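Scroll down for the structure; my scribbles are underneath it.
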Amino acid sequence: MENKVRCAWCEKDDLYRDYHDNEWGKPVYDDDKLFEFLILETFQAGLSWYTILKKRENFRAAFDNFDYKKVANYGEEKVQELLQDAEIIRNQLKIRGTISNAIAFMEVQKEFGSFSKYIWNFTDGKPIENNRKSLKEVTATTPLSDEISKDLKKRGFKFVGSTVVYAHMQATGMVNDHVADCWTQK
């Protein structure tokens, strides 16, 4: 296990390596998991993914196990409670945005049958294989992430700029940005 060649970004510690080896870039079609990553990615805006990953279980506890139906019904009392929770990122706009995103998420489900069907429709239901030779080739945005971002914003989602959307696409396996010599590509 320790001799595996990985994408260089994940070699910081075991938490990062485990995330890379077991989650990052693996296709996610489950709405619950897609919402979890949406919450985490929106909180990551302006911060490092490592910071969010370290607080992931705290976010899970604070946001009712990422249950979008519960999050959509959060009122002012819950917002104030979350603003006092030192174990998460206490950004009022992101907390309120998460509630708005839960509502918009359920609207998308009503329209498309699931959020998964909606989001994966942008890639015809399968991952985009980028065949990156090195991390230098990995971009922060693409024309597709621009398009998805624009559509999500039109549907009322918050904190879904193109960079956040592309990170979500990478995390949920809509795009495969593992570098060619990474063990996951063998």
Side-chain angles (χ1 to χ4, degrees), residues 1 4 6-106 108 115-116 119 135 138 140-141 145 148-149 152-153 156-175 177-178 182 184:
M1 184 96 162
K4 287 182 178 177
R6 294 178 176 89
C7 300
W9 63 263
C10 76
E11 291 297 351
K12 182 174 186 150
D13 65 11
D14 287 339
L15 176 67
Y16 242 16
R17 282 186 286 276
D18 182 62
Y19 171 70
H20 169 274
D21 290 357
N22 297 304
E23 290 186 88
W24 192 73
K26 290 193 180 357
V28 174
Y29 296 95
D30 175 74
D31 274 11
D32 294 335
K33 199 68 163 171
L34 288 167
F35 184 72
E36 174 182 344
F37 276 111
L38 183 63
I39 285 180
L40 296 174
E41 296 294 351
T42 57
F43 270 94
Q44 189 243 335
L47 302 169
S48 77
W49 180 243
Y50 186 75
T51 297
I52 300 304
L53 202 55
K54 281 177 53 177
K55 294 179 176 282
R56 186 181 198 175
E57 293 310 312
N58 301 335
F59 278 103
R60 184 181 314 284
F63 286 94
D64 289 296
N65 203 34
F66 303 114
D67 183 334
Y68 52 86
K69 292 174 188 154
K70 288 183 180 178
V71 174
N73 287 307
Y74 285 177
E76 189 59 30
E77 186 177 323
K78 181 65 173 183
V79 169
Q80 293 307 314
E81 177 187 318
L82 291 167
L83 286 170
Q84 301 306 312
D85 188 344
E87 301 301 315
I88 64 168
I89 306 301
R90 297 179 290 180
N91 179 302
Q92 183 169 197
L93 293 175
K94 289 179 180 181
I95 290 169
R96 293 184 188 282
T98 296
I99 297 165
S100 295
N101 287 351
I103 294 165
F105 189 90
M106 291 191 304
V108 166
F115 186 81
S116 181
I119 200 76
L135 285 179
V138 178
T141 64
S145 67
I148 295 171
S149 171
L152 286 167
K153 288 176 182 177
F157 285 84
K158 311 284 186 216
F159 291 95
V160 289
S162 189
T163 302
V164 167
V165 169
Y166 195 69
H168 189 265
M169 292 170 69
Q170 290 171 312
T172 62
M174 290 178 68
V175 294
D177 274 345
H178 286 283
C182 179
T184 64

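None of the values given here were measured: they were computed from a predicted structure. Atom set for the values below is all heavy atoms of this structure, side chains included, hydrogens, waters and symmetry mates excluded.
Contact record, Thr42 with Ile39: OG1-O, 2.9 Å, taken as the closest heavy-atom pair. In terms of heavy-atom proximity, Ile99 sits nearest to Val71 at CG2-O, 3.6 Å. Between Gln44 and Trp49, the closest heavy-atom pair is NE2-N, 3.6 Å. Minimum heavy-atom separation, His20 to Cys7: NE2-SG, 3.4 Å. When all heavy atoms are compared, the tightest approach of Asn91 to Leu93 is OD1-N, 3.0 Å. Heavy atoms only, all atoms of each residue included: Lys55 and Ala86 are closest at NZ-O, 3.9 Å.
Lys33 contributes no side-chain N or O that, together with a main-chain N or O of Val28, makes up a donor-acceptor pair within less than 3.5 Å. Between the side chain of Lys54 and the backbone N or O of Leu15, no donor-acceptor pair lies under 3.5 Å. With Asp30 contributing its side chain and Asp32 its backbone, the two residues share a donor-acceptor pair below 3.5 Å. Side-chain N or O atoms of Asn65 include none that pairs as donor or acceptor with a backbone N or O of Asp67 at under 3.5 Å. Remark: the backbone N or O of Val160 is not paired with any side-chain donor or acceptor of His168 at under 3.5 angstrom. In this structure, the side chain of Asp31 engages the main chain of Ser116 through a donor-acceptor pair within 3.5 Å. A distance-only check finds no donor-acceptor pair linking the side chain of Asp64 to the backbone of Lys70 [under 3.5 Å].
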- Let me see the working for Leu82 and Arg90 under side chain to side chain contact (heavy atoms under 4.5 Å, CB included), right down to the final yes or no. CA-CA 7 Å; Leu82 291 167; Arg90 297 179 290 180; over 6 Å; no
- Hey, mind stepping through Arg60 and Arg56 against side chain to side chain contact (heavy atoms under 4.5 Å, CB included) and telling me if it holds? CA-CA 6 Å; Arg60 184 181 314 284; Arg56 186 181 198 175; 3.9 Å; yes
- Message: For Val108 and Leu152: C-alpha separation, side-chain torsions, deciding distance, then whether side chain to side chain contact (heavy atoms under 4.5 Å, CB included) applies.
- Response: CA-CA 9 Å; Val108 166; Leu152 286 167; 5.7 Å; no
- Item | From CA spacing to verdict: salt bridge (charged side-chain N to carboxylate O under 4.0 Å, His left out), Glu23, Lys26 | CA-CA 6 Å; Glu23 290 186 88; Lys26 290 193 180 357; over 6 Å; no
- Message: One pair to check against side chain to side chain contact (heavy atoms under 4.5 Å, CB included): Glu41 and Phe159. What are the steps and the verdict?
- Response: CA-CA 9 Å; Glu41 296 294 351; Phe159 291 95; over 6 Å; no
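Test Asp14, Asp13, Asp21 against Arg17 for side chain to side chain donor-acceptor pair (under 3.5 Å) and you get one pass: Asp14. Ser145 pairs with exactly one of Val165, Val164, Val175 by the side chain to side chain contact (heavy atoms under 4.5 Å, CB included) rule, that one being Val165. With Ile89 as the fixed residue, the side chain to side chain contact (heavy atoms under 4.5 Å, CB included) test singles out one of Asn58, Ile52, Ile95: Ile52. Of the candidates Phe37, Tyr74, Phe63, Phe35, Tyr68 forms a ring pair (Phe, Tyr, Trp, His ring centres under 6.0 Å) with just one, namely Phe35.
A donor-acceptor contact closer than 3.5 angstrom is absent between the side chains of Thr163 and Thr141. Using a 3.5 Å distance cut-off with no hydrogens or angles, the side chains of Gln80 and Glu76 do pair a donor with an acceptor.
The line from CE of Met174 to CD1 of Ile148 is 4.0 Å long, rounded to the nearest 0.5 Å.
In this structure, Trp24 has its ring center under 6.0 Å from that of Trp9.
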